[in-house]
Amino acid sequence: MPLTRELIAMRAARELAPGMVVNLGIGLPTLVASYAPEGVLFQAENGILGYGGVLEDDALFDPDMINAGGQPVATVPGASFFSSDASFAMIRGGHIDVAILGGLQVSVTGDLANWMVPARGGGSIGGAMDLATGARRLIVLMEHVTKTGEGRILPECTYPLTGKGCVNLIVTDLAVLEVTAAGLALREIAPDITVAEVLRATSAPLLVPAQVPLMEL
Amino acid sequence: MPLTRELIAMRAARELAPGMVVNLGIGLPTLVASYAPEGVLFQAENGILGYGGVLEDDALFDPDMINAGGQPVATVPGASFFSSDASFAMIRGGHIDVAILGGLQVSVTGDLANWMVPARGGGSIGGAMDLATGARRLIVLMEHVTKTGEGRILPECTYPLTGKGCVNLIVTDLAVLEVTAAGLALREIAPDITVAEVLRATSAPLLVPAQVPLMEL
Amino acid sequence: MKEFPTADAALEGVTDGMSIMAGGFVSAGSPTNLIRALVRRGTRGLTAIANNIGLGDELDSLAEHGQLAKMITTFAIRASGSRTTHFERQWRAGAVALELVPQGTLAERIRAGGAGIPAFWSPVGPDTVAAEGKETRLFGGRPHVLEHALTADVALIRAQRADERGNLVYRGAGRNFNVPMATAARLVIAEVEEIVPTGSLDPEHIVTPGIYVDRLVRCPAVPVRWQG
Amino acid sequence: MKEFPTADAALEGVTDGMSIMAGGFVSAGSPTNLIRALVRRGTRGLTAIANNIGLGDELDSLAEHGQLAKMITTFAIRASGSRTTHFERQWRAGAVALELVPQGTLAERIRAGGAGIPAFWSPVGPDTVAAEGKETRLFGGRPHVLEHALTADVALIRAQRADERGNLVYRGAGRNFNVPMATAARLVIAEVEEIVPTGSLDPEHIVTPGIYVDRLVRCPAVPVRWQG
């Protein structure tokens, strides 16, 4: 069985360590806050440093206490608030350790496309390009293939790019893949998934080691 | 008798009106704060908006409550503090109504030199160039001639420039002069000073009206 | 005193064809009362500059009433077409122009507009459509894009509290675009929860100095929820 | 916990040839204890970046002890030669280089360094020596100068109060260059009057978020007076 969204988020959270400053993109990445180790400091580009998981109780909704996806959150001790220009100075200036973004397509060289489906047009860039440029490490979370079975991991992105060569790690419902100088390397596979299944779902060449460890969650 | 420094400051203060945001340069301009009408808001480029005259009592010296000249000041109700980058965003961005700076030389076209005496070299620019560029109106206060009798109002500045064509009004110990499209115009003379004395002390052509009013202080 | 009795009164002088910045990020710090007043006013041909114009965003009402000529924003059209905004329909019909900007670039361009910086080199967006038609240059071996300052005729912003001089403090994530926009428009109109006497805000806590704010109006917060 | 026992201990790893930003504007927010520790440390060949190096400024001690290779500053040499600084004598002897920068340009270059902007166009300084050797370009018909970001190996700053995560609040005019410098150096060392438990500073009042601050040291303020 491919991993649920919660399990993808849980695996991504294992990349985080106390003291890290982490920005979570809208959608799937938002779930990571609930699984992160204590001491990770989450930055929301709308001007919060230090917040926790999404509040489930709708009665707690406070319009001024939201993450970048508009969802209600609460601050942790030591949090601070700032404006959008200050927030992106922090992002662009290289002060974010890890950004975790959703993806539509990732290329084997780490190009990311995540802001527009060409068939729809228009698009919503949000803070994705700034994060792809400024974060020291970029992790992309996405389903390995689209709902109609098309590969999202490709030799070249066919959707408009968010950034070129910006992705370091991809966590999907099937596998963990790392962008290396030699190419895209398969690092882990999900429980109950075979290497052959990952290769079938990947529309691009992968570097596959003799032994592929199972994801730890 | 040429005006004292206090009287020059007093005359300059008459250019100010309640609601104006005003930055005072180091030295002579600092005195203007003591003569300004109520409701003028003084900005110090070191990060204060809303302060008053220099505190005379040295016992009141607080190292964190100083104007740009390092002199002790106190805030007025409605004051705010900010960083140097925010302060000069305010200055460069055109949010200061009037800057009042000291001068070494001013040209008939409103060029200002006020940060370096070539014989000494080095120099201290401070915030002068930023203020000369960003303030909506620039008033220069200075003695009409140097201690050795050389003119400070010249066809062209011989000292390194602070800014080109930036000066609107000059208030000296002898006169008030305005930079106009037609040239430098004599607007007022100090009490007990004759037009002939002003012309003698001015090393540049002046536009002199038939009647030159006395300065009001 | 800069206080106006109503949001409608505070919009005096806002006319067709103006450029209007609107602060807020989804529900946080959104000047909903002022935007509703702008809808009531019926001003048309507007260029609006705001972070988002999505489902549930009050700005979408301006599109609904055909008041927008152009939108400069970061969240414009959802990837999913299951629900669409008035803006999306207007845009597909060619009735409104769209300039899509990376969010940090939008914030920095507005800050630059207020800070007297006409243009700056940004590392964000080379190799993307955000760089199309723009000058690029290498700094430190990396490509950068020349981005130009943004200013506007009017900024509509929201803060938590003002004093009578217009000094502003915000609440939580409510600062967002309100802070740079307050510096970058010729006429800045702020809706606030309350106005306190001058001197009652600590000078250490003021976020927007009052010299940036032209008009104040007291309005209760309108909690609007974004739907994407 | 980022706290170090003494200013001297907090300078661990600061070595010859480094670039050092020092916050403070004359007496306000000056990291005097850290500068004194740097003098004691005897580190040499330094490029110092600070607003002022005048009579009475603690930074002048670095010049006195021959520790400076270069100074980037706005107040360097007094117009009057009645009293001179150690820096002035060093500079006249050709022992130290001087880059004189308009104050707002210095502040903006440091902010740009922290904000990932490699260069920006500034209206300040065309037709002056501040533009010498620099690219210029017209924007809106006015000449502008291309100014480059400044970063440093180390920033020495002073704040009023920190929490244990390094979140900082300042006092009065003490923010000045401390705030942008905290964002623009690889190693940021802050001396503070007191350190309070995390959570005791209101998130609305924090000026420098703690992620910018690497080391903290508690030191009493040393009120130094500038003499020009």
Nearest atoms (heavy-atom pairs only) where A:Val108 meets A:Val179 | O-CG1, 3.9 Å
Give the member of [options] that has the highest number of heavy-atom pairs under 4.5 Å with chain A.
options: C:Asn51, C:Thr105, C:Thr128; result: C:Thr128
options: C:Val179, C:Val101, C:Leu100; result: C:Leu100
options: C:Gly174, C:Ala221, C:Ser80, C:Pro126; result: C:Ser80
options: C:Leu106, C:Val124, C:Thr73; result: C:Val124
options: C:Gly172, C:Gly24, C:Ser30, C:Gly29; result: C:Gly172
options: C:Gly104, C:Gly81, C:Ala28; result: C:Gly104

Within the structure provided, determine whether [X] and [Y] are in side-chain contact (heavy-atom separation under 4.5 Å).
X: C:Val26; Y: C:Asn52; answer: yes
X: A:Arg92; Y: C:Glu108; answer: yes
X: A:Ile96; Y: A:Met90; answer: yes
X: A:Leu41; Y: A:Val22; answer: no
X: A:Trp115; Y: A:Met129; answer: yes

Could you list which of residues 130-163 of chain C have a heavy atom closer than 4.5 Å to any heavy atom of chain A, in residue-number order?
->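 At a heavy-atom separation under 4.5 Å, chain A is reached by C:Ala130, C:Arg142.
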Write out, in numerical order, the residues from residues 110-123 of chain C with a heavy atom short of 4.5 Å from a heavy atom in chain A.
->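 Only C:Arg111, C:Ser122, C:Pro123 of residues 110-123 of chain C have a heavy atom under 4.5 Å from chain A.
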Honestly, the part of C:Leu98 sitting under 4.5 Å from a heavy atom of chain A is side chain
Side chain, backbone, both or neither: which part of C:Arg109 has an atom under 4.5 Å from a heavy atom of chain A?
-> neither
With respect to A:Thr162, which candidate in A:Asn114, A:Asp130, A:Thr133 satisfies the side-chain hydrogen bond (donor to acceptor under 3.5 Å, both in side chains) definition?
-> A:Asn114
I'd like to know if [X] and [Y] make a salt bridge, using a cut-off of under 4.0 Å between side-chain N and carboxylate O.
X: C:Arg218; Y: C:Glu194; answer: no
X: C:Glu88; Y: A:Arg120; answer: yes
X: A:Arg5; Y: A:Asp173; answer: no
X: A:Arg11; Y: A:Glu15; answer: yes

Can A:Met142 and A:Val140 be said to form a side chain to side chain contact (heavy atoms under 4.5 Å, CB included), step by step?
-> CA-CA 7 Å; A:Met142 61 184 186; A:Val140 170; 4.2 Å; yes
In terms of heavy-atom pairs under 4.5 Å, which option from A:Ala132, A:Pro160, A:Ser84, A:Gly121 contacts chain C the most?
->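 Highest number of pairs under 4.5 Å: A:Ser84.
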Would you tell me whether C:Thr208 and C:Tyr170 have side-chain atoms, one donor and one acceptor, within less than 3.5 Å of each other?
-> yes
With a 4.5 angstrom heavy-atom cut-off, which part of A:Met116 approaches chain C: side chain, backbone, both or neither?
->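 Neither part; nothing is under 4.5 Å.
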Tell me, for A:Ile66 versus chain C, whether the close heavy atoms (under 4.5 Å) come from the side chain, the backbone, both or neither.
-> both
Should the pair A:Phe42 and A:Tyr51 be assigned to parallel (<30°), tilted (30 to 60°) or perpendicular (>60°) ring geometry?
->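 Judged by the thresholds at 30° and 60°, the geometry between A:Phe42 and A:Tyr51 is tilted.
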Would a distance-only check, ignoring hydrogens and angles, find a side-chain to backbone donor-acceptor pair under 3.5 Å from A:Thr146 to A:Glu150?
-> yes
